[in-house]
Q: 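Can you keep this structure in mind? I'll have questions shortly.
These numbers come from a predicted model, not from an experiment.
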Amino acid sequence: RVDKDLLRQHSKGLIALSLIPPVIGLGLGIQQQLASVPVGARSFAEWIGIGLFTYLGVHLLFYQPTTLFRVHHTLLSRMTLWLFGGQVATTSPQEAKKKGKAQAEQPQGSTLLTVSPYLIPLYTVLLCLATWLFRRWWTLTALESGAAFLIGASLALHWVMTADSLQQQRARMSFDAYLLALAIVGLINLVVVSVCLPLTVPGFSLPSVFAEALSRAGTIYMAIFQRLFL
């Protein structure tokens with residue numbers, strides 16, 4: 001019989017694991033839609049992939065744009081501070097470290113409040129809006145391929161810097177809470193991106209993305225159920 005105390009203790013980890021199939025499903029649904037949209041000699045998905053891997057190379061080998069991420073973090077932290085009535089800190093982990101050990105030991109609230117500044121890939125959203133505006137006057141392959149490249153790069157920036165930032169907070173979070181934070185960030189990021197992409201990608205079908213995500217997640221859940229109980 002399942003130990004209720006053990007289940008309660010690891011509830012955040014179990015929730016995190018349960019969110020992985022929807023994250024995988026959403027990612028595959030988005031990729032499927034983007035792969036069907038040609039931009040010049042490549043697809044939209046390929047241009048986003050090029051942007052993503054280009055940023056990863058630059059980040060690992062040459063330069064880490066911490067200032068860009070700090071601006072993003074501060075803006076969303078202040079928005080969260082306003083929405084939640086002052087229950088979440090507005091400083092990034094790097095800034096908090098500079099303010100000394102005393103602040104680092106302050107209570108951080110729930111996992112949701114801790115990760116809330118990371119939930120929206122702000123630069124990706126702004127790029128989608130800017131591309132939508134430019135498309136009203138210009139329809140150029142270079143514009144679309146450049147937009148796809150920058151969307152991929154901005155997503156990589158957000159995900160890599162978010163993972164690094166959350167890793168720096170591991171001392172104040174249990175491992176289960178850390179996994180849940182990563183799962184929540186991944187899922188909501190993909191939902192936000194899938195909602196914004198129709199502004200940039202002609203023919204991008206949001207219902208098809210969610211239908212594919214549900215189908216893929218259901219398949220994964222069923223495979224896990226059969227492996228564990230049948």
Side-chain angles (χ1 to χ4, degrees), residues 20 22-76 79 117-165 182 185-217:
I20 291 176
V23 170
I24 294 173
L26 266 176
L28 291 175
I30 292 171
Q31 193 276 334
Q32 184 183 69
Q33 287 292 306
L34 294 176
S36 65
V37 180
V39 181
R42 303 179 184 272
S43 68
F44 213 98
E46 289 175 308
W47 282 114
I48 286 182
I50 291 171
L52 195 151
F53 285 108
T54 299
Y55 173 82
L56 288 177
V58 171
H59 183 97
L60 292 174
L61 300 176
F62 301 108
Y63 175 67
Q64 298 178 9
T66 53
T67 301
L68 272 176
F69 185 73
R70 190 175 296 119
V71 170
H72 165 276
H73 187 280
T74 301
L75 288 173
L76 292 181
M79 184 183 300
Y118 308 106
L119 296 180
I120 299 176
L122 184 61
Y123 294 130
T124 303
V125 173
L126 293 177
L127 280 168
C128 288
L129 289 172
T131 306
W132 175 74
L133 288 173
F134 281 120
R135 282 175 58 87
R136 302 184 70 177
W137 292 284
W138 298 289
T139 303
L140 301 173
T141 300
L143 171 65
E144 294 181 341
S145 59
F149 177 89
L150 291 175
I151 287 171
S154 66
L155 277 175
L157 182 153
H158 180 75
W159 288 337
V160 171
M161 298 296 283
T162 292
D164 181 63
S165 182
L182 291 178
V185 168
L187 181 63
I188 296 183
N189 277 190
L190 289 175
V191 170
V192 171
V193 169
S194 63
V195 169
C196 293
L197 280 175
L199 298 174
T200 304
V201 185
F204 187 92
S205 173
L206 190 58
S208 296
V209 168
F210 288 135
E212 181 68 15
L214 287 174
S215 174
R216 299 274 188 166

Q: Does the S194 side chain pair with the main chain of L190, one donor and one acceptor, at a distance under 3.5 Å?
A: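 Yes, because the side chain of S194 sits within donor-acceptor range (under 3.5 Å) of the backbone of L190.
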Q: Using side-chain heavy atoms (C-beta onward) and a distance below 4.5 Å, is L197 in contact with Q33?
A: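 Side chain of L197 against side chain of Q33, heavy atoms only: no contact under 4.5 Å found.
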Q: Closest heavy-atom contact between A45 and A35?
A: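 Result for this residue pair: CB-N, 3.7 Å.
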Q: May I ask you to decide if A211's main-chain N or O and S215's side chain share a donor-acceptor pair within less than 3.5 Å?
A: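 No; zero donor-acceptor contacts below 3.5 Å.
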Q: Can you tell me how far CD1 of I24 sits from CZ of R216, rounded to the nearest 0.5 angstrom?
A: 10.5 Å
Q: Which heavy-atom pair separates L34 from S43 by the least distance, and what is that distance?
A: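 Closest heavy-atom pair between L34 and S43: O-CB, 4.0 Å.
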Q: Under 6.0 Å between ring centres, would you say that holds for H73 and Y118?
A: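 Yes, ring centres under 6.0 Å apart.
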Q: Measure the CD-CD1 distance between E144 and I151 for me, rounded to the nearest 0.5 Å.
A: 10.5 Å
Q: Name the residue from V160, T162, L122 that meets the side chain to side chain contact (heavy atoms under 4.5 Å, CB included) definition with F69.
A: T162
Q: For I30 and F204, work out which heavy atoms get closest and say how close.
A: O-CE1, 4.2 Å
Q: Please check this pair: side chain of Y123 against backbone of L157, looking for a donor-acceptor N/O pair closer than 3.5 Å.
A: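 No, the answer is negative, given that no donor and acceptor are paired below the 3.5 Å cut-off.
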Q: With distance as the sole test, does H72 use its side chain to make a donor-acceptor pair with the main-chain N or O of I120 at under 3.5 Å?
A: yes
Q: Testing the basics here: between T124 and S154, what is the closest heavy-atom pair and its distance to 0.1 Å?
A: OG1-OG, 2.7 Å
Q: To the nearest 0.5 Å, what is the distance between NE2 (H158) and CG (L68)?
A: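 Atom-to-atom, H158:NE2 and L68:CG are 13.5 Å apart.
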Q: Considering non-hydrogen atoms only, spot the tightest contact between L187 and P22 and give its length.
A: CD1-CB, 4.0 Å
Q: Can you tell me if CZ on F62 sees more than 12 non-hydrogen neighbours from other groups inside 6.0 Å?
A: no
Q: At what distance, to the nearest 0.5 angstrom, does CG of L199 lie from OG1 of T131?
A: 9.0 Å
Q: Looking at every non-hydrogen atom in both residues, tell me the closest pair between P121 and V192 and how far apart they are.
A: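 Result for this residue pair: CD-CG1, 4.1 Å.
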Q: At what distance, to the nearest 0.5 angstrom, does CZ of F149 lie from CG of L127?
A: 11.5 Å
Q: Would you compute the distance between atom CG of L150 and atom CD1 of I48 and round it to the nearest 0.5 angstrom?
A: 10.5 Å
